[in-house]
Amino acid sequence: MNQIRSIKGTHDILPAQSKDWQDLENQIHKTANLYGYQEIRTPIIENATLFNRGVGQETDIVSKEMYSWDDKDKSTISLRPEMTASVVRSYIQHNLGSNSLLQRLYYIGPSFRRERPQKGRQRQFHQFGVEAIGSNNPEQDAEVISLGWSVLKSFGIDNLELKISSIGSHNCRDNFKTKLISYLDPFINQLSEVSQRRLKKNPLRILDTKNDQEKQILKSAPKIEEFYTNDDKNYFLKVQQYINDLGIPFKIDPLLVRGLDYYTQTTFEISSKDLGAQDALLGGGRYNGLIKALGGKDTPAVGFAAGMERVLIAAKKRKKPKNKTLCIYAICTHDESLGILQRSSEKLRNLGIKVVCETLRRSMRSQMREANKCNADFAIIIGEEEFFNKTIQIKNLSEGKQESIKYQDLITYFKSLTF
Ligand code: HAM
């Protein structure tokens, strides 16, 4: 029979990797809590309209990469390609703004985009992110950036680069778009097919081009900062000042283009030199119009999302924390003692000790090999002799010492080691 394999661009997270995922998830929960953010979990499927309206119909994410299908009731459903629109939908639906003027939310979970897979780019990938909904002040932008920076740093990633920009308020962006289109129009025949299409649908994305000829053309193109209002300018200066105060190094990158339509004013990305072509670890920005566009009250917001697979690639060289939980491998060479061993294991687990029990009834030698393989600190052993003497053997696997104790003293023995 044909073997069934995973779908292109999706990956199993195997047991050998899952500890790294757990470490990252723990670091996210810890850091987010330190900043006063609460976790939100939203469904993986949503009405397609949410992303059409939220992320933007002309973006690559929605127009080309979204997994959507017609459900039996004829509604169109999508696998979420990102989580900001879902969080905002949930915020509006549950009227979270009425609980508190400022909602500080964070999330962890899979997202789906039908992109061409390569290193650091999957069709199912995982994001963690935060959304701070309610504050229209630059210190909120700085806080969100600082939280993202802090998760990455505390997870042992060096070589980080923060780029920030401002795409101004809606008016500024619209004026800039018009001027950019008129500037690029005479060069249309020198633009790639993709950029020609973008010029009509999403001209700002051309700024992100990797094509040398287009980069050359863009050198004399109008710049977004020429269209900032005074408020835009002052806001952006304040964001820079607060990031500076936090001691986070950054570069201003006027060509920083985010692939989603909802941004206003601040945008940012953190990348790592340890990644290849897909070097963006984290991206985000302010999106003051989104909540209203999705049917809520006009509410300002700012957030980011990071790609967890990319974070784990960049963190390859990190020092891994040592496993501090005491671990025992429970060995049995006498079938009638199996019940006693399982009972003792349960009592030890109640003390917070990890106990792995043999269930394959292998030879003593194989069981001992298994104990070493799973990095146990101790082996406890019951055989026929121990069964009749009501004793248990304890082997310290790092020191190689072995001793026999009364079965009734087992818990006290290990209690004294853990407390
Ligand atoms: P985004 O830039 O589309 O932003 O994605 C954020 C991060 O997700 C990227 O920097 C990258 O690390 C990761 N990522 C994106 N696509 C893939 C992929 N196909 N495979 C692996 N990793 C990927 C957003 O999603 C916005 N919702 C961020 C945001 C939150 N803005 C405001 N709040």
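Indexing begins at 1, ligand by ligand and atom by atom, following the structure's order.
Judged purely by atom type and a 3.5 angstrom limit, Arg80 uses its side chain to pair as donor or acceptor with the backbone of Pro110. Arg310 places no side-chain N or O within donor-acceptor distance of the main-chain N or O of Ser272, the cut-off being under 3.5 Å. Using a distance-only test at 3.5 Å, with no hydrogens or angles considered, no donor-acceptor pair links the side chain of Gln27 to the main chain of Val151. Proximity of a side-chain donor or acceptor of Tyr235 to a complementary backbone N or O of Ser166 within less than 3.5 Å is not detected.
The protein heavy-atom contact nearest to atom 13 (C) of ligand 1 is Gly307 CA, 3.5 Å. Closest protein heavy atom to atom 20 (N) of ligand 1: Gln122 N, 3.0 Å. Of the protein's non-hydrogen atoms, the one nearest atom 33 (N) of ligand 1 is Glu131 OE1, 2.8 Å. Closest to atom 14 (N) of ligand 1, if we only count protein heavy atoms, is Phe125 CE1, 3.5 Å. The nearest protein atom to atom 27 (N) of ligand 1, hydrogens excluded, is given as Glu82 OE1, 2.6 Å; this is a heavy-atom distance. Protein heavy atom in closest approach to atom 28 (C) of ligand 1: Gly283 O, 3.4 Å. Here the protein heavy atom with the shortest distance to atom 7 (C) of ligand 1 is Ala305 O, 3.6 Å. Looking from atom 11 (C) of ligand 1 to the surrounding protein, the closest heavy atom is Arg310 NH1, 3.3 Å.
Contacts with ligand 1 closer than 4.0 Å are made by no heavy atom of Phe112, backbone or side chain. Contact annotation: for Val302 versus ligand 1, there are no heavy atoms closer than 4.0 Å.
Under a 4.0 Å criterion applied to the non-hydrogen atoms of Tyr287, ligand 1 contributes the atoms 32 (C), 33 (N). Shown in contact with Gly284 at under 4.0 Å from a heavy atom are these atoms of ligand 1, numbered in order with element: 31 (N). Atoms of ligand 1 found under 4.0 Å from any heavy atom of Gly303, numbered from 1 in the order shown, are 30 (C), 31 (N), 32 (C), 33 (N). In summary, the atoms of ligand 1 found under 4.0 Å from a heavy atom of Leu282, numbered by their order in the structure, are 10 (O). Close approach of ligand 1 to Gly120 is summarised as follows: ligand atoms under 4.0 Å from at least one heavy atom of the residue are 20 (N), 21 (C), 22 (N). Residue contact check: Tyr263 has heavy atoms under 4.0 Å from atoms 26 (C), 28 (C), 29 (C), 31 (N), 32 (C) of ligand 1.
Checked against a 3.5 angstrom limit, the closest N/O atoms of Gln127 and ligand 1 fall inside it. Residue Glu115 has at least one nitrogen or oxygen atom sitting less than 3.5 Å from a nitrogen or oxygen atom of ligand 1, judged on distance alone. Polar contact check, Leu281 against ligand 1: a nitrogen or oxygen pair lies under 3.5 Å apart. Looking at ligand 1, you'll find an N or O of Thr84 within less than 3.5 Å of one of its N or O atoms. Residue-to-ligand polar distances place Ala280 within reach of ligand 1: an N/O pair is separated by less than 3.5 Å.
Between Ile270 and Leu162, the closest heavy-atom pair is CG1-CD1, 3.8 Å.
Remark: Asp208 engages Lys210 in a salt bridge, criterion side-chain N to carboxylate O under 4.0 Å. Comment: Asp141 does not engage Lys238 in a salt bridge, judged by the lack of any side-chain N to carboxylate O separation of less than 4.0 angstrom.
Residue contacts with ligand 1 leave out Gly259, since none of its heavy atoms falls under 4.0 Å from the ligand. Note on ligand 1: Arg258 sits in its first shell, one or more heavy atoms being nearer than 4.0 Å. Contact annotation: Arg121 has at least one heavy atom less than 4.0 Å from an atom of ligand 1.
Side chain to side chain, Gln124 and Tyr67 fail the donor-acceptor criterion of an N or O pair below 3.5 Å. Residues Ser182 and Asp185 bring no donor and acceptor atom of their side chains to less than 3.5 Å of each other. For the residue pair Gln127 and Glu82, no side-chain donor N or O sits within less than 3.5 Å of a side-chain acceptor on the partner.
Between the CZ atom of Arg104 and the OH atom of Tyr35 there is a distance of 11.0 Å, given to the nearest 0.5 Å.
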Practice item. Take Gln140 and Arg286 through the test side chain to side chain contact (heavy atoms under 4.5 Å, CB included) and record every step on the way to the result. Key: CA-CA 10 Å; Gln140 186 63 67; Arg286 183 160 275 286; 4.0 Å; yes

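For Tyr106 and Tyr37, the distance between ring centers is not under 6.0 angstrom. With ring centers used as reference points, Phe414 lies under 6.0 Å from Phe378.
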